[in-house]
> 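Okay, handing you the structure first.
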Number of protein chains: 4
Amino acid sequence: MFLELDMAGDKPIYVQLKEQIIEGIARGSLRPGDDLPSVRALAADIGINLHTVNKVYQQLRQEGYIQIHRSRGVMIHPDGFLKADKTYRTNLKATLRPLIAEAIVHDFSAEEFARLSQEVYEQILTKEGGEDE
Amino acid sequence: MFLELDMAGDKPIYVQLKEQIIEGIARGSLRPGDDLPSVRALAADIGINLHTVNKVYQQLRQEGYIQIHRSRGVMIHPDGFLKADKTYRTNLKATLRPLIAEAIVHDFSAEEFARLSQEVYEQILTKEGGEDE
Amino acid sequence: MFLELDMAGDKPIYVQLKEQIIEGIARGSLRPGDDLPSVRALAADIGINLHTVNKVYQQLRQEGYIQIHRSRGVMIHPDGFLKADKTYRTNLKATLRPLIAEAIVHDFSAEEFARLSQEVYEQILTKEGGEDE
Amino acid sequence: MFLELDMAGDKPIYVQLKEQIIEGIARGSLRPGDDLPSVRALAADIGINLHTVNKVYQQLRQEGYIQIHRSRGVMIHPDGFLKADKTYRTNLKATLRPLIAEAIVHDFSAEEFARLSQEVYEQILTKEGGEDE
DNA sequence: GTGGTCTAGACCACG
DNA sequence: GTGGTCTAGACCACG
């Protein structure tokens, strides 16, 4: 897989793992219907705790990203895009709010914020590495 | 003050407090040079511990939002806007990355993301209430 | 460990502890990748409060001396030497300035100052005891 | 006078004042036998508390930098250089020790440390401004 | 009166 | 078991 976990950073491992799977879906590396490794296999592969992988899979299932079948294993949800309903939009706005307040104090206009977001969109879709760019 | 903390939620109190002070600066309720309450006064006012407030003040100082005078109290940094340097932009992009990956999977275009950000900008600047709106 | 704290002196405990850990790294007693005791273990070991140790660890982490893994404990930063960038040099010069002004008034030449510094270098690297020696 | 105090910084005002007077002596702006303003006059001049100035003068007197005569006021000690005795050297070494330990971890050799000290010597003696240079 | 430091003790998230 | 967060309460340095 394409996973790279930073065991030292202050972001919890399960959060990193979850984010990277979602980013994999976003950029098309993982496509609707694709198989994911079993909990056990993935945990062994990247050398982390079973509980950690399990927690991630449960959350991804609950949020509609993946399906878990008892016998046939784990796969990316075959329906493709999730729905961007009111709940999603409300949560996103609440999450953005402190970031945008910070941006304002840094004299960052809405246009600049949009431009920077656009850059991130392109980084993800063109599979560019994150962090230090 | 204009503070409203959710003691039950899973967002730490000190993070909420910090975010609300930054938003206060962003929307102009707190202006460069304004006094902030002393650590003890604010703690008593909102019914939390002195150390929690102190932690917030120390972080805000370190990030350039406020100045702390040893025996004359605390004030919003008189220089106004902080600089949006490369470090700031890099961090912001890293923070946005998982949000935007999620957005993509929700079939949210860069334009829609920009429009929603714009709404948040306006909410903050026109002093509209946050979270559940 | 090699720690000896003066609880009575006017130098704060957390400063003493921080300095001694840095000196331990400097003279090679603590090497890149070495484990440090957990916050609680060290606090119990030297008979001080957990928060005091935690403050030291947080500062050391922020300055790049150590890494803190959420549930695997603390270790000396594996990358070895820190970079002596412009910020570091500027801070060091600002710190030295009052010491050197004093030295001048004591008729201490730059050469004598260098010689005395050299002695301290050797004391640290050859593990000689500090303070009153 | 040539004093510039940073009321916001975390260095206590009395320490800043004391350091600047000593630096004034070091670079020859204040010469043996020169008069200093009275406690009252200096406090009024720079807008700080009487106690603060008084504390500084008492410490400077005790360390041999100035003389205080009840009726004839305050003056730089007429004898010129202070003696760099064993006590002075021991204290200086103890003060330098944590700075040099830090320097070692930053891969700073004794020679580089001496060179940087030399720069500070020259800055003081040629009356260059401090802090940001 | 202000922030700085320190203690003692508690519950929680992570893995 | 580890660090993260929070509380309650104390004494001190500074001005």
Side-chain angles (χ1 to χ4, degrees), chain A residues 5 7-17 43 46-56, chain B residues 5 7-18 35-44 47-58 61 66-75, chain C residues 5 7-18 35-44 47-58 61 66-75, chain D residues 5 7-17 43 46-56:
Chain A
L5 301 179
M7 311 302 279
D10 48 339
K11 191 174 281 193
I13 294 170
Y14 88 92
V15 173
Q16 295 182 52
L17 178 55
I46 53 185
I48 62 176
N49 197 300
L50 275 181
H51 301 325
T52 307
V53 176
N54 196 50
K55 181 174 191 171
V56 171
Chain B
L5 302 179
M7 312 302 278
D10 45 339
K11 190 176 279 193
I13 294 173
Y14 86 93
V15 173
Q16 296 180 53
L17 179 54
K18 185 180 172 185
D35 280 332
L36 283 180
S38 77
V39 170
R40 280 165 177 77
L42 184 52
I48 62 176
N49 190 276
L50 161 175
H51 287 112
T52 307
V53 176
N54 193 47
K55 181 173 189 170
V56 171
Y57 277 5
Q58 289 302 329
R61 179 186 61 79
I66 66 173
Q67 283 187 342
I68 301 178
H69 295 72
R70 199 181 293 267
S71 65
R72 281 171 35 202
V74 181
M75 69 183 226
Chain C
L5 301 180
M7 312 303 279
D10 46 339
K11 189 175 281 193
I13 295 173
Y14 85 93
V15 173
Q16 296 180 51
L17 179 54
K18 186 180 171 185
D35 281 331
L36 283 180
S38 77
V39 171
R40 280 165 178 76
L42 185 51
I48 62 176
N49 190 277
L50 160 176
H51 289 111
T52 307
V53 176
N54 194 47
K55 181 173 190 170
V56 172
Y57 277 5
Q58 289 303 328
R61 177 186 62 79
I66 66 173
Q67 283 186 342
I68 301 177
H69 294 71
R70 198 182 295 270
S71 64
R72 279 171 38 202
V74 180
M75 70 184 225
Chain D
L5 302 179
M7 311 301 281
D10 48 339
K11 192 175 278 193
I13 294 171
Y14 88 93
V15 173
Q16 294 180 54
L17 179 55
I46 54 184
I48 62 175
N49 198 300
L50 274 181
H51 300 324
T52 307
V53 176
N54 195 50
K55 180 174 191 171
V56 170

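None of these values were measured; they are calculated from a predicted model. Chain letters run A, B, ... following the sequence lines, proteins first and then strands; every chain starts at 1.
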> According to the Watson-Crick and G-U wobble definition with distances under 3.5 Å, which dot-bracket string, read 5' to 3', encodes DNA chain F, using [ ] for crossing pairs and | for pairs with another strand?
||||||||||||||.

> Within this structure, what is the CZ-to-C1' distance between C/Arg61 and F/dG4, rounded to whole angstrom?
11 Å

> Can you name the side chain to side chain donor-acceptor pair (under 3.5 Å) partners of A/His51, sequence neighbours left out?
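Residues passing side chain to side chain donor-acceptor pair (under 3.5 Å) with A/His51: none at all.
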
> Are B/Gln58 and E/dG3 close enough that a side-chain N or O sits under 4.0 Å from OP1 or OP2?
no

> Using a 4.5 Å cut-off on heavy atoms from C-beta on, say whether the side chain of B/Met7 contacts that of B/Ile48.
yes

> Side chain to side chain donor-acceptor pair (under 3.5 Å) with A/Asn54: which residues, sequence neighbours excluded?
none

> So do the side chains of A/Leu5 and A/Ile46 get within less than 4.5 Å of each other, counting heavy atoms only?
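Yes, at least one pair of side-chain atoms sits under 4.5 Å.
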
> Calculate the interatomic distance between B/Tyr57 atom OH and E/dT2 atom P; express it in whole Å.
11 Å

> Using atom CG of C/Leu17 as one end and atom P of E/dT5 as the other, report the distance to the nearest whole Å.
14 Å

> Please report, rounded to the nearest Å, how far the P atom of E/dC6 is from the CG atom of C/Leu42.
14 Å

> Taking only side-chain N and O atoms of B/Ser38, does any of them lie within less than 4.0 angstrom of OP1 or OP2 on E/dG3?
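Yes, because at least one side-chain N or O of B/Ser38 sits under 4.0 Å from OP1 or OP2 of E/dG3.
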
> Using a cut-off of under 3.5 Å, enumerate the N/O to N/O pairs linking the protein to nucleotides 11-15 of chain F.
| residue | atom | partner | partner atom | Å |
| --- | --- | --- | --- | --- |
| F/dC14 | OP1 | D/Tyr14 | OH | 3.3 |
| F/dC14 | OP2 | D/Lys55 | NZ | 3.1 |
| F/dG15 | OP1 | D/Ile13 | N | 2.6 |
| F/dG15 | OP2 | D/Tyr14 | N | 3.4 |
| F/dG15 | O4' | B/Ser71 | OG | 3.3 |

> If the condition is side chain to side chain contact (heavy atoms under 4.5 Å, CB included), which residues does B/Lys18 pass it with, not counting sequence neighbours?
B/Ile22, B/Val56, B/Gln59, B/Leu60, B/Glu63

> C/Leu50 or B/Gly73: which one's nearest nucleotide on DNA chain E is closer to the 5' end?
B/Gly73

> Tell me: CG of B/Asp35 to P of E/dG3, nearest whole Å?
10 Å

> Cut-off 3.5 Å, no hydrogens considered: what does the side-chain donor-acceptor table look like for residues 67-75 of chain B, sequence neighbours left out?
| residue | atom | partner | partner atom | Å |
| --- | --- | --- | --- | --- |
| B/Arg70 | NH2 | D/Asp10 | O | 2.1 |

> Can you figure out which of F/dT5, E/dG3, E/dG4 approaches the side chain of C/Asn54 most closely?
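The answer is F/dT5.
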
> Rounded to the nearest angstrom, tell me the gap between atom CD in C/Gln16 and atom C1' in E/dC6.
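Whole-Å distance recorded here is 13 Å.
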
> Figure out the CD1/C1' separation between C/Ile66 and F/dG3, and round it to whole Å.
11 Å

> C/Asp35: what forms a side chain to side chain donor-acceptor pair (under 3.5 Å) with it, not counting sequence neighbours?
none

> Not counting sequence neighbours, which residues clear side chain to side chain contact (heavy atoms under 4.5 Å, CB included) with C/Ala44? List them please.
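Counting only residues at least two positions away or on another chain, C/Ala44 forms no side chain to side chain contact (heavy atoms under 4.5 Å, CB included).
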
> Report the residues that fulfil side chain to side chain contact (heavy atoms under 4.5 Å, CB included) with A/Leu50, sequence neighbours left out, ordered by chain and then residue number.
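Side chain to side chain contact (heavy atoms under 4.5 Å, CB included) list for A/Leu50, sorted by chain: A/Val39, A/Arg40, A/Ala43.
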
